[in-house]
Number of protein chains: 2
Amino acid sequence: MRPSMQLQNFASKQTPGRDGGNAVPAHTHTLSGSLELMGAPMSFAKGVEIYGESEPADYLYKVLSGTVRTYRVLSDGRRQIGAFHFPGDIFGLETGGVHLFSAEGTTNVNVIVVRRSSVIAAVARDNELASELWSFTAKELNRSRDHIMLLIKNAQERVAAFLLEMAERVTGNAVELPMSRQDIADYLGLTIETVSRTLTQLEDAATIELPSSRRIVLRNRRALVEMNA
Amino acid sequence: MRPSMQLQNFASKQTPGRDGGNAVPAHTHTLSGSLELMGAPMSFAKGVEIYGESEPADYLYKVLSGTVRTYRVLSDGRRQIGAFHFPGDIFGLETGGVHLFSAEGTTNVNVIVVRRSSVIAAVARDNELASELWSFTAKELNRSRDHIMLLIKNAQERVAAFLLEMAERVTGNAVELPMSRQDIADYLGLTIETVSRTLTQLEDAATIELPSSRRIVLRNRRALVEMNA
DNA sequence: CGGCGCCTTGAACCAAGTCAAGCTCTGTGG
DNA sequence: CCACAGAGCTTGACTTGGTTCAAGGCGCCG
């Protein structure tokens with residue numbers, strides 16, 4: 001069991017303080033934008049569960065700040081992180097009424113919490129939104145399938161893919177990682193030792209620089225891309 | 001490169017012979033049922049490509065008979081099978097206009113071919129269908145995520161999970177596998193040798209019987225379930 | 001009944017995991 | 001301001017599960 005830490009001034013797990021209700025604006029016509037208006041803001045401390053596997057999926061979430069990990073734990077304790085969610089990302093949406101993953105911040109996080117029923121209602125009224133909802137789920141599916149391709153690769157290829165994925169979200173070559181080595185390992189299906197060693201190797205090969213453990217500078221992107229089988 | 005075989009009396013890859021058009025019945029109200037009526041039947045020989053990765057996704061498919069594998073190949077030749085599709089299953093549906101996987105029969109297959117545009121049109125007219133389409137994609141997403149959990153397990157756990165998955169589709173304990181060891185290996189992210197050895201181990205442990213290589217009898221389901229971490 | 005895929009088995013090897021220190025950064029209290 | 005404690009990260013030595021390479025068996029179809 002890994003310890004989970006909790007900070008002052010951040011909520012522990014609870015239901016949203018105020019209810020966003022069904023007050024959907026007539027035609028926002030973007031899923032992400034509509035959610036913002038339908039939901040209530042909420043904060044969670046790093047490592048505090050936002051929702052748990054097999055809990056009713058009455059709410060979905062949009063990240064305002066911070067980073068969220070969604071994950072599953074096998075009976076013997078192995079943890080697999082399904083995805084990291086960054087500001088702007090939506091997570092926690094399920095068709096069935098139940099969450100199949102758990103979610104927590106890898107940092108302190110601010111989210112918008114939206115009632116699932118509000119979204120369902122909005123979508124029933126608005127074809128455009130319905131289509132967006134479908135696209136969103138399909139994109140998640142594609143991401144998940146990419147993740148599968150990741151998991152059949154070797155350690156170096158996985159780490160390279162991870163670095164490129166993280167680098168996609170920033171301009172420039174410096175990446176500030178908002179998660180621990182353990183999180184990276186559990187995302188890539190490796191151990192922290194292997195992740196650490198692989199990063200060191202990449203540094204030795206002058207492919208990356210590691211000014212600090214959470215900060216990585218891509219020196220040779222092409223080399224990383226070429227590792228992606 | 002693995003050889004692909006082609007039989008007489010079965011089509012090689014081509015576009016559908018006749019077009020199902022837009023003749024959607026007023027309110028069939030089941031996605032799968034509607035597709036049947038919208039589409040044209042077609043046959044493909046074992047190992048013949050039904051569609052290829054990065055081709056335009058103008059059609060989607062429903063399996064009538066036989067088994068289909070959808071897969072991706074990495075540049076170095078490693079193949080990952082994303083899913084097997086059995087009679088009744090829909091495959092080839094994409095939100096973007098492009099297939100991200102290839103598809104072929106692991107046996108000779110009969111499918112219904114449906115224009116993507118027809119489905120999109122039907123869904124725009126019918127909220128119920130739209131919702132079903134979303135649920136379908138979400139189910140695929142859940143399957144994909146389960147597949148990820150598979151890939152972090154050890155060989156025995158993967159094979160056990162595979163056997164249980166195959167057994168789900170039949171009544172009784174005898175399973176006739178419609179795919180080769182190579183297909184199983186590429187689905188589980190293992191080698192054929194490891195799959196073969198693991199099956200032998202399970203037979204030695206009296207968990208299964210192997211009357212022939214394609215026929216497997218589950219002798220001790222509980223043992224298989226317990227392997228599923 | 002002969003040949004060719006497909007499958008199984010064996011032996012050697014290797015990439016990643018495990019176990020065990022030790023290091024580094026960060027925050028805390030003296 | 002510095003000493004200390006603890007968490008997180010790195011590194012080293014060793015082990016191991018699964019792959020690789022190689023050979024042989026089985027069964028199906030012509």
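Since this is a predicted model, take the numbers as computed values, not measurements. All chains are named by letter (A, B, ...) in the order of the sequence lines, taking the proteins before the strands, and each is independently numbered beginning at 1.
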Distance below 4.0 Å between B:Arg197 side-chain N/O and D:dG18 OP1 or OP2: no
Rounded distance (Å) that lies between atom P of D:dG17 and atom CG of B:Leu188: 19 Å
Test item: B:Thr106 side-chain N/O and B:Pro178 main-chain N/O as donor-acceptor pair under 3.5 Å: yes
Atom-to-atom span, CG of B:Asn154 to P of D:dT19 - whole angstrom: 11 Å
Integer-rounded Å distance: D:dT10 C1' and A:Ile192 CD1: 9 Å
Worked check of side-chain hydrogen bond (donor to acceptor under 3.5 Å, both in side chains) between A:Thr95 and B:Lys139: CA-CA 8 Å; A:Thr95 31; B:Lys139 246 176 240 145; over 6 Å; no
Spacing between A:Asp183 atom CG and D:dA7 atom P, to the nearest angstrom: 16 Å
Interface with DNA chain D, restricted to residues 201-217 of chain A and to heavy atoms under 4.0 Å: A:Ser213, A:Arg214
Residues B:Glu104, B:Arg69: salt bridge by 4.0 Å N-O rule: yes
Helical bend (five base pairs per end, nearest 10°) for the helix from C:dC1-D:dG30 to C:dG30-D:dC1: 30°
Listed nucleotide nearest any side-chain atom of A:Ser196, set C:dA16, D:dT11, D:dT19: D:dT11
First encountered from the 5' end of DNA chain C, between B:Ser180 and A:Glu193: B:Ser180
Side chain to side chain donor-acceptor pair (under 3.5 Å) partner of A:Ser65, chosen from A:Thr107, A:Asn108, A:Asn110: A:Asn110
With A:Thr194 via side chain to side chain contact (heavy atoms under 4.5 Å, CB included) - residues at least two apart: A:Ala155, A:Leu190, A:Thr191, A:Thr198
Protein-nucleotide distance (A:Ile184, atom CD1; C:dA16, atom P), rounded to Å: 17 Å
d(CZ, A:Arg78; P, C:dA16) in whole Å: 17 Å
Spacing of A:Lys153 atom NZ relative to C:dA15 atom P, expressed in whole Å: 18 Å
B:Arg197/B:Asp204 ion pair, N-O < 4.0 Å: no
Side-chain-base donor-acceptor pair under 3.5 Å for A:Gln182 and D:dC9: no
Aromatic centroids of B:Phe91 and B:Phe101 separated by under 6.0 Å: no
B:Thr191 side-chain N/O to D:dG18 phosphate OP1/OP2 under 4.0 Å: no
Side chain to side chain contact (heavy atoms under 4.5 Å, CB included) involving B:Glu165 - partner list, sequence neighbours excluded: B:Tyr187
Options D:dT10, C:dT8, D:dC21, nucleotide nearest the side-chain atoms of B:Arg181: C:dT8
Contacts of B:Ile192 that satisfy side chain to side chain contact (heavy atoms under 4.5 Å, CB included) - sequence neighbours left out: B:Arg181, B:Gln182, B:Ala185
Results of side chain to side chain contact (heavy atoms under 4.5 Å, CB included) for A:Arg219 - residues two or more places apart only: A:Glu209, A:Val217
Contact under 4.0 Å: B:Thr194 side-chain N or O vs D:dT19 OP1/OP2: yes
Whole angstrom value for the distance that separates C1' of C:dT8 from CG of B:Leu177: 16 Å
Sugar-phosphate only, base, or nothing, as touched by A:Leu190 at under 4.0 Å among non-hydrogen atoms: sugar-phosphate
